[in-house]
Protein chains: 2
Amino acid sequence: METYCKFETALDILTGKWKPVILLNLFNNGTLRFSELQKAIPDITKKMLAQQLRELEYHDIVRREVYPQVPPKVEYSISAYGRRIAPVLQAMNDWGVGHIEHMNELYGEERKAESFPGN
Amino acid sequence: METYCKFETALDILTGKWKPVILLNLFNNGTLRFSELQKAIPDITKKMLAQQLRELEYHDIVRREVYPQVPPKVEYSISAYGRRIAPVLQAMNDWGVGHIEHMNELYGEERKAESFPGN
DNA sequence: CAGCATCCCATACGATACTG
DNA sequence: CAGTATCGTATGGGATGCTG
């Protein structure tokens, strides 16, 4: 009765329109400045980028380093603790890859796996 | 650059206010009627229960069996394919358990691990 | 450069009523 | 019993402008 009881915690932290792509960029590139993240994610606004980074930082997934200089320079990276979430992302990714195939088998290639009629 | 690229797919499917607790109940109890799920999740409305079940059914995570009788009887269970998501939930759960501890170390027991100031 | 403040909108979710 | 329909609300997210 206790199994999976806390998987909602991971869900809460990863949920957010831009968190996946932010994490992806930081995992792949190591360290990025605020402006570099903006360039890597062209459609994100400064507000959302800052907000989602704050949340990830609060949960100690992302590390924020401020260089006290003018103009400001702030670098973001996955924290040491944050790397512990990698296996979770990997498991989700592996399942996701298989699931997209499964959806194609069920509904055909023309319909996207993530979509749900009415969404 | 391709790693974790599809973990957002799993996120999409698991996201929804009631999906975690619905899945939990079905994983733990095997098969449940609509009304039994309602009883198990007192705060959910019929509308939300039906809606979230439809989405899970569409993604072939949940199986829906209708008994053509009056009054109606409908049973829900995790589909054979749906069981393949169990390792993902397990990975998320394991990480979540550790994360709650980590948050307590960082911020103290009084603040809930899932919360973020302002949420 | 790296942000925060303000305002606005779309959508997820909730309350309630009705039905085969 | 197991839903759907309709309406109202609350929250996440977007557009834009200002600042150290």
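Protein chains get the first letters and strands the later ones, always in sequence-line order, with residue 1 at the start of each.
- The structure places CG of Leu89(B) at 8.5 Å from CG of Leu24(B), a figure rounded to the nearest 0.5 Å.
- Using the six-membered ring where Trp is involved, His59(A) and His99(B) have ring planes that are tilted, between 30° and 60° apart.
- Each of Pro72(A) and Gly16(A) has a nearest nucleotide on DNA chain D; the 5'-most of these lies closest to Gly16(A).
- Residue pairs meeting the ring pair (Phe, Tyr, Trp, His ring centres under 6.0 Å) criterion with at least one member in residues 23-47 of chain A, sequence neighbours excluded: Phe27(A)-Tyr4(B).
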For nucleotides 3-9 of chain D, list the nitrogen or oxygen atoms of the protein found under 3.5 Å from its nitrogen or oxygen atoms, one pair per line.
unit_1	atom_1	unit_2	atom_2	d
dG3(D)	OP1	Arg54(B)	NH2	2.8
dG3(D)	OP1	Arg64(B)	NH2	2.6
dG3(D)	OP2	Tyr76(B)	OH	2.6
dG3(D)	O6	Lys46(B)	NZ	3.1

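- A sub-4.0 Å separation between OP1 or OP2 of dC1(C) and a side-chain N or O of Arg33(A) is absent.
- Regarding contacts with the backbone of dC1(D), every side-chain N or O of Ser35(B) stays at 4.0 angstrom or more from both OP1 and OP2.
- Within the 4.5 Å cutoff, the side chain of Leu53(A) has heavy atoms near those of the Leu37(A) side chain.
- Contacts of Gln52(A) with the nucleic acid, taken as non-hydrogen atoms under 4.0 Å apart, involve only primed sugar atoms and P, OP1 or OP2.
- Rounded to a whole Å, the CE atom of Met48(A) is 17 Å from the P atom of dA10(C).
- When rounded to the nearest whole Å, the span between CD1 of Ile44(A) and P of dG12(D) equals 16 Å.
- Across the protein-nucleic acid pair, Glu55(B) atom CD and dA12(C) atom C1' stand 10 Å apart, rounded to whole Å.
- Checking dC13(C), dG14(C), dA2(D) against every side-chain atom of Trp18(B), the shortest atom distance belongs to dG14(C).
- Here the NZ atom belonging to Lys39(B) is positioned 11.0 Å from the CG atom belonging to Leu32(B), to the nearest 0.5 angstrom.
- Straight-line distance from the CD atom of Glu36(A) to the P atom of dG3(C): 13 Å, rounded to whole Å.
- For Lys17(B) and dA15(C), the NZ to C1' distance is 13 Å, given to the nearest whole Å.
- Dense packing is recorded around CZ of Arg54(A), with more than 12 heavy atoms of other residues, nucleotides or ligands lying under 6.0 Å away.
- Atoms CD (Gln38(A)) and P (dC4(C)) sit 13 Å apart, rounded to a whole Å.
- Rounded to whole angstrom, the span from the CG atom of Leu11(A) across to the C1' atom of dG12(D) amounts to 16 Å.
- When side chains are defined from C-beta on, Leu26(B) does not count as touching Leu56(B), because their heavy atoms never get closer than 4.5 Å.
- Spacing between atom CD of Gln69(A) and atom P of dG20(D) amounts to 19 Å, rounded to whole angstrom units.
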